[in-house]
Amino acid sequence: MNESEHKSLDFIRQRVSDDVANGKNDGRVHTRFPPEPNGYLHIGHAKSICLNFGLAEEFGGKCNLRFDDTNPDKEDTEFVDSIREDIRWLGFEWDAEYFASDYFEKLYQWAIELIKRGNAYVCDQSVEEVREYRGGWDKPGKNSPHRDRTVEENLDLFSRMRKGEFKDGEKTLRAKIDMNSDNMNLRDPAMYRIRHATHHRTGDQWCIYPNYDWAHGQSDSIESITHSVCTLEFEQHRPLYDWYIGQLEVHHPQQIEFAKLVISNTMMSKRKLTELVAGGFVEGWDDPRMPTISGFRRRGFTPESIHSFAKRVGITKHNSTTDIALMNLCIREHLNRIASRVTGVLDPLKVVIENYPEGEFEMRVTGVNPEDETAGTREVPFGRELYIERSDFMEEAPKKFFRLTVGGEVRLRNAFFLKCNEVIKDDCGEIVELRCTYDPETSGGKAPDGRKVKGTIHWVSAAHAIDAEVRLYDVMFENEDPSDVPEGKDWKDLINPNALVVIQNAKVEPLLADASSGDSFQFVRNGYFCVDSKDSQPGKLVFNRTVTLKDAWSKQQKKGGSPN
RNA sequence: UGCCCGAUGGUGUAAUGGUAACACAUCUGGUUUUGGUCCAGACAUCCUAGGUUCGAAUCCUAGUCGGGUAACCA
């Protein structure tokens, strides 16, 4: 890292920078990203990934991927695979991949060392007894009656725990620290519990499993990690982290905590996300409504947009809630630069141009992306019958409505001026067709006589348009803080019923027939859409709305109440 | 009830004792064949009270508010 290249560093980078400058760890920087493979990664993990891998990149160091798989009950290889995929998709490659379970034997040996030093003991207390003996934050704890077992007895018991001579919960190995500590984590924490379960990697090889605190720091140490970055809730665990490593007298990484990401209108709790998936509230972990990395991917977010988001959110030690609008900004900003403009009419209304010859068509040439000249041009067919957006027509329009009205004139984007003469309705009074005329003199989008139009609307040739299914996504929760559940309600009651609105009969321009999975487009005046990676097929296109365009008109409408 | 951590505009961050910066959001106005983009402008005396200092958002003290924390989860 070239010092002073950055105007300001967040407190972690500052600290790492200082350590490097002071020659700590021989100036080495080695971080790790340590997910538990018990679910899919979400945007909060992305923040941590960007931090850990970013630190390694910026300081010429390394970053490991380590699966923190010490709880056989919850973990699965499905999650291991998805985690790898998501990190790579974000554009990072780890220097080494490990599993905490790689260290089970080493950890076991170290535990024996602690027993021999008289710093750990086998305890027979039940969960309830342990809780009772631990005391409270106003009450001192009491020593376990098994705290003073001899080293020999502990060694024997511990090896028999490993051999499977005891049932689940019958015994634990505990660190002998201080039952009166102000820090509850230091009141003789459990190091091992007995769990006769099949582990996704070690199978039935073990029936005792190390707890987080006993596994994490030691794993860091084994991997020569220099800076062990984690979230704030582990702050009180740091003394224990330091205690274990201090006892073992091995390489001592520095744990540093930062505030985890909270986004408005979003639920980030892994437990609750799991519940959404298991309960069928969403299609799966990669449902575009989910704040998972795979959900964002399927929704049409780009890795770049997520990097940009992570950067803007910053790293601090205080909890805050980031407005979901920032997320939207980041993806719009990127897609605006790279997405091809196409026409998609979401709610089609038939327009017949009475003065355009029947059966004739012409090709209109138009730019692919005004933000990128190199993107070239494309051709779209124009003819007598078109579809326009239903919301672009109003029979009785307010003054501020710049779109099509009876007797009014608008510009058809990249084509001609169009005037509406007559509205055709069905028996229910529903508008089914507009009879219009166009002005052939306005081919360039301007009138030779200099008359102006206020609005430009998009359209697609009825004869050429392709049918598509379009899935409109919105925030999963309408409440800014979905963890704030009103009395008598369940958090799931707060799910936004309109988080997904499916449109079956959208009409898109013919060019889109060749669109392939994951491709992103701007549907002009509508938003950014991508081809759904799971359900879209040639001949049966499915688009996901990634994000809308900013919409000053609808905002104004909402503000002013009903139009008119 | 203990212990730990935090506090800058509506929101997220910056200023590393020298006189509040950037972005989002919001509102104005301009450009525009996307009511998009782009451009211009508006919007805070830094939780409170004391103190240290020539000078404090930054240091100290007290208070207030917020968060975390007592799993054989991570």
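First the proteins, then the strands, lettered A, B, ... as listed; each starts at 1. All figures in this text were calculated on a predicted structure; none of them were measured in a lab.
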| query | Any side-chain N or O of Arg525(A) less than 4.0 Å from the OP1 or OP2 oxygen of G35(B)? | reply | yes
| request: Name all residues meeting the ring pair (Phe, Tyr, Trp, His ring centres under 6.0 Å) criterion together with Tyr98(A); count only those two or more places apart in sequence or in a different chain, and write none if there are none. | output: none
| Nearest-angstrom distance, C1' atom, G50(B) to G12(B) | 31 Å
| message | Treating primed atoms plus P, OP1 and OP2 as sugar-phosphate and everything else as base, which nucleotides of nucleotides 58-74 of chain B get B, S or - for protein heavy atoms under 4.0 Å? | response | ---------SBBBSBBB
| task | Let me know, please, whether Arg411(A) or Ser320(A) comes out on the 5' side of the other along RNA chain B by nearest nucleotide. | result | Ser320(A)
| note | For His458(A), the ring pair (Phe, Tyr, Trp, His ring centres under 6.0 Å) test, sequence neighbours excluded, returns none
| field | Centroid-centroid distance, Tyr241(A) to His237(A), less than 6.0 Å | value | no
| query | Which range-with-range stems can be found for RNA chain B when each stem has 3 or more Watson-Crick or G-U pairs in a row and both distances sit under 3.5 Å? | reply | B:2-7 with B:64-69, B:10-13 with B:21-24, B:26-30 with B:38-42, B:47-51 with B:59-63
Interface polar pairs with nucleotides 19-23 of chain B, N/O, under 3.5 angstrom:
{"residue": "A23(B)", "atom": "O2'", "partner": "Arg312(A)", "partner atom": "NH1", "Å": "3.3"}

| request: Hey, can you tell me if Tyr438(A) and Phe416(A) have their rings parallel, tilted or perpendicular (30° and 60° cut-offs)? | output: perpendicular
| Across the strands shown, which category fits Ser443(A) at heavy-atom distances under 4.0 angstrom: base, sugar-phosphate, nothing? | base
| request: Using the P atom as the reference point in each nucleotide, state the distance between U26(B) and G36(B) in Å, no decimals. | output: 12 Å
| message | So Thr366(A), base contact, sugar-phosphate only, or nothing? Heavy-atom distance under 4.0 Å. | response | nothing
| note | dist Leu55(A):CG -> Ile256(A):CD1 (nearest 0.5 Å) comes out at 8.0 Å
| request: For Phe301(A), enumerate each residue passing the ring pair (Phe, Tyr, Trp, His ring centres under 6.0 Å) test, keeping only those at least two apart in sequence or located in another chain. | output: Phe296(A)
| message | Heavy-atom nearest nucleotide on RNA chain B for Lys454(A) versus Gln14(A): which residue maps closer to 5'? | response | Gln14(A)
| No-H, no-angle donor-acceptor pair, Glu371(A) side chain to G36(B) base, under 3.5 Å | yes
| task | Tell me whether the centres of the aromatic rings in Trp459(A) and Phe382(A) are closer together than 6.0 Å. | result | yes
